[in-house]
Every structure is written in structure tokens, then in C-alpha cells.
Undergrad: 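Sharing a structure, written as C-alpha cells. Questions coming.
Labels below follow one simple rule: chain letters A, B, ... track the order of the sequence lines, proteins then strands, and each chain is numbered from 1.
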Amino acid sequence: MAAERYNAKETEPRWQSVWSERELFRTRNDDPRPTYYVLEMFPYPSGRIHMGHVRNYAMGDVVARYKRARGFNVLHPMGWDAFGLPAENAAMQNKVSPKAWTYANIETMRGQLQSMGLSLDWSREIATCDPSYYRHQQRLFLDFLEAGLVDRKSAKVNWDPVDHTVLANEQVIDGRGWRSGALVESRELTQWFFRISDFAADLDARLDTLDRWPEKVRLMQRNWIGRSEGLLVRFALDGAAAGTDGTLEVYTTRPDTLFGAKFLAVAPDHPLARAAAETNPALATFVEECRRLGTAQEAIDKAEKQGFDTGIRARHPFDDSWTLPVYVANFVLMDYGTGAIFGCPAHDQRDLDFVNKYGLGNVPVVCPPGQDAETFVVTDEAFTGDGRMINSRFLDGMTTDEAFEAVASRLEGEHRAGRPVAERKVNFRLRDWGISRQRYWGCPIPVIHCAACGTVPVPVADLPVVLPEDADFTVPGNALEHHPTWKTVACPRCGAAARRETDTMDTFVDSSWYFARFTAPWLEDEPTDRAAVDRWLPVDQYIGGIEHAILHLLYSRFFMRGLTRTGHAGIDEPFAGLFTQGMVVHETYRGADGGWVQPADVAIVSEGGTRRATLAATGEAVAIGSIEKMSKSKRNVVDPDDIIASYGADTARWFMLSDSPPERDVIWTEEGVQGAWRFVQRVWRLVGEVVERDGGTGDGAALRRAAHKALAAVGEDVEGLRFNRAVARIYELANALQAALAADAPPAALREAAGIMIQLLAPMMPHLAEECWAALGRDGLVAEAAWPAFDPALLVEDEITLPVQVNGKKRGDVTVPRDADSASVEAAALSLESVVRAMEGRPARKVIVVPGRIVNVVA
RNA sequence: GCGGGCGUGGCGAAACCGGUAGACGCAAGGGACUUAAAAUCCCUCGGGCGCGAGCCCGUGCGGGUUCGACCCCCGCCGCCCGCACCA
């Protein structure tokens, strides 16, 4: 045997080149074997990979390598989510172009990922910022436009008046722009939208079919889509209220409480409010105040319920003599339902707060179970549950549900001015996806604005609309807008001078279909190859962070439907299996001056169970703080490059997979890494000893059993993505192998067990596995070897040891033949000395024998 | 406020469908080897009592169901996450 110590630094690059030279991970679409598509969320090229990437890609690689060994034709690609604001910020600060910055980062990060030994098909690599990718995205936009999936409409946006740009909600902090610090304004801008809300019902319903998604994610999406069943009620208005047709449409999910109505309220930007404000200066002032408050989320949270009586009166739908005041109220949202509500204070907390402020009173109409209808009153806590109807005329005595039905069917049947007074309506919270961004570094929206022809799509033959490379980033705002010539263009329809759309697409668009592009990324004329898409999609296993539970995953689900509607695919759900992994967290450290100290500069000493930290360089004391997500601000990051340089990729991968369940956070510790590294060395040593062994007088049966048990268990654990358990099984097998070596087991059993162990750990530590595979003298590469089959006969023992309980407490064990009948097991158990003692002379009233499990004697 | 999840040794955790609680790893303590260190190997490692065989207690807390409960049911407590005026 060669070197004593395993040298990861030398072996890892060597095996990486062997895999790459043999094109082992290059996937062919015409390979006849069954397909398996495993995908990890592609990274943003921020500059360097972080430990979260290592964890994510280590998991995906285990699945890819395991499925390959299982005989699947595995697609495991990698790419770059490469558009986005940081590139423009870098351009502003460092005078490099966003393109140069992004591609330099990709270069670095590709090298880092390659040093991890991931079994990726690099020939399919894509970058979303490359015209060879975004030209197809532009084509998809045009197809979506044609198919009616795209809208251009006016919408309120967060406008940063200093940076001259629209900000996403996440970029507004305490009402101020995250970069400029300027107070953000609410502006109406004409924007491009994807009509995701058209699919709300289907996106909601199909969540039920995603049985390999985490329940949590499905729930989050369900809440986000926000389906509700209710009634659209048309209230007649007195006189000819301006801005209306004489009725006010209200959406409610509680028509049962209609007899508890005390007022109607509309949103400040409701047409009725706007019209009324024109003749009422005080109301105009109120509306203006609401609008100002409207932008800052914080203000909304704290704002008191406020309203303004318009003077308009509405008629109750069941009683024409019953009038209700119509308010403009700050808590009514224009973009949900109809922007108008009826207020039933006794059974809605907001409405109750409102009437209590304006002295409108309340009438309870639902009596809670167990309450007396005569005495039940509501003061400052609304009752929102189900109960029996009271004070509600023909509804009295009904349940809440019955009353809903009664009101709905009755009002549906009544008509006024040719329309039913009410209609059942399913409403959704989900709003259309605004994709316009006033940014340079994104996919240009391929349309042209012509004074004569209006908005004209760029002809497909003219694609791609390429970003200009000579943009100027010294002025804030959209560099496309500032560019001297880029936006000047001839109208494709009439040839007159026209203006290019200077908005680019939200970067979430880029990531909404990349998984489809991976199936045939070489195509030049089409976004997708139908045959390839049909073969590979849906993705069998998608792995990524929980932070994308809603937006990215919902947008992708919408996009898949869009692709199918426009003939680019044939399915609706892109991801059959989804797994959301936990974060990588680390202790934080603070120096004497209170500043954060990075782990690389800290030395930990542990004595008698107490851990103390010092600055490695000076010995100065360092305070150990709480465990947090690795972040630059707290400096508690560990650079994967450093770990790979000192321990190797296998050690990093192994540590990432051991200990914590993959969906939970994992605490990165130096001790843990060293433990993983010790195991790497131990495996190498054990294999070395096995190879050298040329005779043995001991028994190999126990080892064989242990190996086949591990084989069966690890297969199940990897299938279920329980990597931490698989790791524990492999440790057990290593322990068994070591014990067998000590017990002088015969070489055949040793070699078999060592071979199995290597194959089990190959998906996790592929380089070490290759090195050991070669040392064992096995043929070919372990990366190409078929997963071994376990021998079921070895999993069952001839004799089994059963615990014996007396009244549920364990008192001893009996060892019996595997197929012993209950009577003989019972006899053996009762004759145990420890059992007799525990019975204290009492007779056995009952003996429960669970075959192969346990014996319980009831005394 | 609404919705969801989780509470098991010093730590990360395991326990299949209600059947030996703590596998496996980390840390710690003791020992062997060594001039020494590193590396490696062996032993101990939930708490308490006992020389020992062994006994008692123990999965956030309080009840319940069961021959038997970390697991099921009821009621609390604590922590974490998501959404948040959605009518």
C-alpha cells in the first residue's frame, strides 16, 4: 500500500480529471435508460460560493450519483442566475461593466464548484445573462403576449426619487430606499404584467397533487394564493352618487352576517371615493392623507382605523327602508375584492374597532355555542366563530353555514336593473406579477413604442434585443434610459421613428424556466425542444432553500403553464419532488472592542467541558456569541475554499451530510469538520488493512450480515433523503469492519464488506471512494459501478433476542430461534430468573408476545 | 392576531406502523503506545442509590387511553418560522 495518510489534495483533482476526460457525467437525451432529473437551485454569481451552496450541491450530488448507480440516465446540470442589481452596483462602485463583473464571478465560482467534485454535466451550463439564453426568454415573452398571458397596465409602485428607480417591496426599509435612504413615494406607472392570477384557481387546486413537496411549502403557497368563497353583493345607493351606476359592489365571505351590517366602506382610491372627493375638500384631504400613509408598510401596521362619512347612503338588500352610511376607510384595500366592504362590527374585529371609534354601535347576529341569545353582547371583542343566527329575521335559528346558503340563494334570485342583487364568487389574494424593472442588467422586454402604432412587439426574427455594452453607470437610474442611441429605433410596423422599451424583466422570470432550458440548452432557434422537455420534465427532485417557497416556485409553476399553453411544453407542474434544505449556521465571536471576529481568526480551547475562545494571533479573549446564519455582517462565515484546501472536498461534503437532518439547520463547527476528516483517514486505513490481509481464522458471518444490513438501510435512507441516517449506517459498518479485522475475519468477507462500504459512501465522498476502489483492485470506476444488491437471507438472524417486560418495564432478554412459536417464547420468558423475581410470586395474568419484537408479562 | 412546526444526554441527533429511549457522531474523563507531541487504539460517558447482582427516576409540564406511550387524545408552558387590515 502506498501512502500512510490519505492525501485529498493530490487525489481529488486527479479523479476529477479522470471523470471529466471520460465524460462520465455528460448526459445524452437519446440514452434509452429511464430518466432521472435532479436539480439544485442555480446560484447567483455573487463572487464566491458559500457553505449554503456546499450543502445544497452536496445533497443533490448524492442523489445524482446514487440514481446513476441505480441505472438511471441522470440529468444533473448547473447554471447561473446571472442578472440582478448587485452587478450594477459593482459597476457603479468599481467601474467594471456588469457583464465583466458577472462573468468573472462565474469563472471563479465554476472553479470552486468543480473543486467540490460534483457530478455535473457542464456541457449544459447556461447563464441567464447570456443572449443565447435571454433571446429565448424574449421569444417566450412574445409568445405569452400573443397568448394573452401578458398585460400592460397602470400600477402603484415604490418609487425612489433619488435613484430614479422602482424598488421591490423588499428593497424598501422603513419607508426609505435601501440604497439612497430617500423617502419612497407611491407612483402610478404603466408596467408589464404576467397574468398569473388567471391561473389562481388551478395553482391552488394542483397543490394537492404535489405529494412530494413539503407540506409547509404547499401551505405557504396556499395562503399566498388566498382562495376564499364569498358573495358579491350589490347595494343600491340613494340618489345618483357620482362615480357609480347607482350601486356599490361589495365582496364578503360572511353574507350570513348581513343583518348585523352597520356601515359600508370603500378604499380611499375607490372610484366612489375619488368622485365624492371632487366635491368635498375635507374628504379630498382625508383621501390624500391615506395615500401618503399607504406606502410605508410600518405605518399601515400602526395606523388607527379611520374613516370619513361620504354622506352617501345605501339600502340594505333585504330591507329597502334600512339605510347604511357609506364611509371612505383607510383599512379597506382597493386591490382585494371590489375595494368595498360592508361592516358587521359584532363579528369582525376591524369593523368593531371602527364603529367603536365613530359610535355606530353593533348588533350581534351570531350567537356563540353555549351562550344565551338574550344576553349575548359584543363590546370590544368581535365573535368570529360559527354559531346560531339571532336578530336576523328569516335566518334566525340557522347555523352560520345554513345562513350563508340562504342569503346567497335568495339574493341570487332577486334582480335589480337586470342584474342579480348578489352572485357567488371565489376570490383570490394572488395578484398579477409585475415584471417591469427600470434596470439595465436584466432581460430587455422586446417591444417598441410607436407614436402611431402603439406598443409593437419586436419581430421574432429581430431577436435578441441585446443589451448595449457601452452603458454609463455614473448616473443613477436606468442606464438603458440614459443611453444615447439604444432606445432609438424604427417602428417594425410603420417604419417611423420609435422608442424601445427600456424596462427589463424581473430576474425571477429568468429562473422561472431555466430547468426547461437545461433539457436542450444547445437549441438556437427555439426555447425548448418538445421531445427533450417531454422526456425530462417534471424535475424528479428539486433541492433548494426555503426562502424560495413562494415566489420562485410559484412563478415557475405559472411559467410551466405558460410554456404549455404556447406549445413549448406539455405539462403544468415543473417539480414533482421538492426538498427544502436548512441553513448553515455558525457561532458568532466578538473581540474586546465589541467588533465581530471571523472564525478563521479564532482559536477554541476546551477544558473540562468549558469552551473558551481567543484570537489565534494575539491570545486576546474573544466572547462566544449566539449561533446565527452565516453572514458577512456578523463575520461568522467559513470559506468553502479554505476547507477544501485544508481537508478536501470529501470532508466538507461528508460533514455537510452528517449530524443534522437535511431539512434542519446544520451548525458548522471546526470539531465536526475534524471528525469528518478523521473518518476519511480511517476509511483509508481500514481499506489498507483489508488489502494487506491474506488469511484469517475468524468468522466472517457477522461482518457479512452487517454489510448487507447497511446496504439495505443506506439505500432506503438515500431514497428518502435522510442523509444523516445514511451516514450513521456507514459509521456502523466501518465499526463492524474494524471489529472484524481485530477478530481475524477471513479476507473474502473483509473485501466484500470494504467494497460495500466504499460503494455506500461513494455518492457522498466520491474521490476517496475512487481511491479506495482502485486500492481494493476493483474494476473500472466506482462512479460507474452498479449499486450492489443486498442478500435478503443475510438480513434475517437465526436467533433473535427479545426484551422481556413485566408490566411494561424491561426485566431481561430471551434469545430464541427466529421462528419460535409464541408458546415457547412465553415459556422461555417466564422462566427467566429476573422475570420470576419481578413477579414477586404473583401469577401471570396475561402474556403478550409480539413476534420478533417484545414479550410483556402482566402480573 | 391568523396559520404551521418543534421541545429527547454537555452538544448535533436516532428510535420503522404504539414494542429494549439515547444508534451514530462531537465534546469530555481515564488508560495504552511514544523521549515527547501528533496520529492511533482500549475503557467510561442521562440522573440517583448500591461493593455488587441490581433497583429507582428520566423524552418541556399536568392529565388520559393502552399489557405497553418520545409516538395517540385533552389541557398548559416555551422556542422557531411564515402571513399579516385579504372583508
Undergrad: Using atom P in both nucleotides, what's the gap between B:C2 and B:C85 to the nearest angstrom?
TA: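 Approximately 15 Å lies between the P atom of B:C2 and that of B:C85.
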
Undergrad: If a stem is a run of at least 3 consecutive Watson-Crick or G-U pairs, both distances under 3.5 Å, which stems include RNA chain B?
TA: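 Stems found: B:1-7 with B:77-83, B:10-12 with B:24-26, B:28-32 with B:40-44, B:46-49 with B:54-57, B:60-64 with B:72-76.
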
Undergrad: Restricting to nitrogen or oxygen on both sides, can you table the protein-nucleotides 67-70 of chain B pairs closer than 3.5 Å?
TA:
| unit_1 | atom_1 | unit_2 | atom_2 | d |
| --- | --- | --- | --- | --- |
| B:C67 | O2' | A:N856 | ND2 | 3.1 |
| B:C67 | O2 | A:N856 | ND2 | 2.5 |

Undergrad: So do the side chains of A:K709 and A:R729 get within less than 4.5 Å of each other, counting heavy atoms only?
TA: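 Contact flag for A:K709/A:R729 side chains = no.
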
Undergrad: May I ask you to verify if any side-chain N or O of A:N735 is less than 4.0 angstrom from the OP1 or OP2 atom of B:G25?
TA: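 Answer is yes, contact under 4.0 Å.
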
Undergrad: For a side chain to side chain contact (heavy atoms under 4.5 Å, CB included) check, start with the C-alpha distance between A:V54 and A:M51, then their side-chain angles and the critical distance, and finish with the verdict.
TA: CA-CA 5 Å; A:V54 174; A:M51 280 299 174; 4.1 Å; yes

Undergrad: Return whichever of A:I854 or A:P661 has its heavy-atom-nearest nucleotide of RNA chain B closer to the 5' end.
TA: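 Nearer the 5' end of the strand: A:P661.
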
Undergrad: What is the separation between atom CD1 on A:I667 and atom C1' on B:C26, rounded to the nearest whole Å?
TA: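 Taking atom C1' of B:C26 as the reference, CD1 of A:I667 is at 11 Å.
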
Undergrad: I'd like the C1' distance from B:C49 over to B:C33, given in whole Å.
TA: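 After rounding to an integer number of Å, I get 38 Å for this pair.
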
Undergrad: Would you say B:A87 has OP1 or OP2 under 4.0 Å from some side-chain N or O of A:Y251?
TA: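 Checking B:A87 against A:Y251, no side-chain N or O comes under 4.0 Å of OP1 or OP2.
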
Undergrad: So which protein nitrogen or oxygen atoms get under 3.5 Å of nucleotides 55-57 of chain B's nitrogens or oxygens?
TA:
| unit_1 | atom_1 | unit_2 | atom_2 | d |
| --- | --- | --- | --- | --- |
| B:C55 | OP1 | A:R811 | NH1 | 3.3 |
| B:C56 | OP1 | A:R811 | NH2 | 3.3 |
| B:C56 | OP2 | A:R811 | NH1 | 3.2 |
| B:C57 | OP2 | A:K809 | NZ | 3.1 |

Undergrad: State whether A:R218 places a side-chain N or O below 4.0 Å from either non-bridging phosphate oxygen (OP1 or OP2) of B:G5.
TA: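 Negative; the distance criterion is not met.
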
Undergrad: A:F235: what forms a ring pair (Phe, Tyr, Trp, His ring centres under 6.0 Å) with it, not counting sequence neighbours?
TA: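 Listed in chain order: nothing, the list is empty.
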
Undergrad: Is it true that atom CD of A:E381 has more than 12 heavy atoms of other residues, nucleotides or ligands lying nearer than 6.0 Å?
TA: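 Counting other residues, nucleotides and ligands, CD of A:E381 stays at 12 neighbours or fewer.
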
Undergrad: Can the ring centres of A:W677 and A:F655 be said to be less than 6.0 Å apart?
TA: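 No - the distance between ring centres of A:W677 and A:F655 does not fall below the 6.0 Å cut-off.
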
Undergrad: Applying ring pair (Phe, Tyr, Trp, His ring centres under 6.0 Å), name anything that partners A:F679, two or more places apart in sequence or on another chain.
TA: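 Applying ring pair (Phe, Tyr, Trp, His ring centres under 6.0 Å) to A:F679 gives A:W654, A:Y731.
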
Undergrad: Side-chain atoms of residues 263-273 of chain A: list all donor-acceptor pairs with protein atoms under 3.5 Å, sequence neighbours left out, distances to 0.1 Å.
TA:
| unit_1 | atom_1 | unit_2 | atom_2 | d |
| --- | --- | --- | --- | --- |
| A:D269 | OD2 | A:K156 | NZ | 3.1 |
| A:H270 | ND1 | A:L272 | N | 3.0 |

Undergrad: Less than 4.0 angstrom between a side-chain N/O of A:N724 and OP1 or OP2 of B:A14, yes or no?
TA: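 Yes.
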
Undergrad: Within the structure, does a side-chain N or O atom of A:Q738 lie under 4.0 Å from either OP1 or OP2 of B:C41?
TA: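 Indeed, a polar side-chain atom of A:Q738 lies that close.
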
Undergrad: Let me know which of A:F354, A:F308, A:F286 forms a ring-ring contact (aromatic ring centres under 6.0 Å, His included) with A:Y327.
TA: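 Among A:F354, A:F308, A:F286, the one meeting ring-ring contact (aromatic ring centres under 6.0 Å, His included) with A:Y327 is A:F354.
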
Undergrad: Drop me the distance from A:T338's OG1 to A:R234's CZ, to the nearest 0.5 angstrom.
TA: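 Answer rounded to 0.5 Å: 10.0 Å.
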
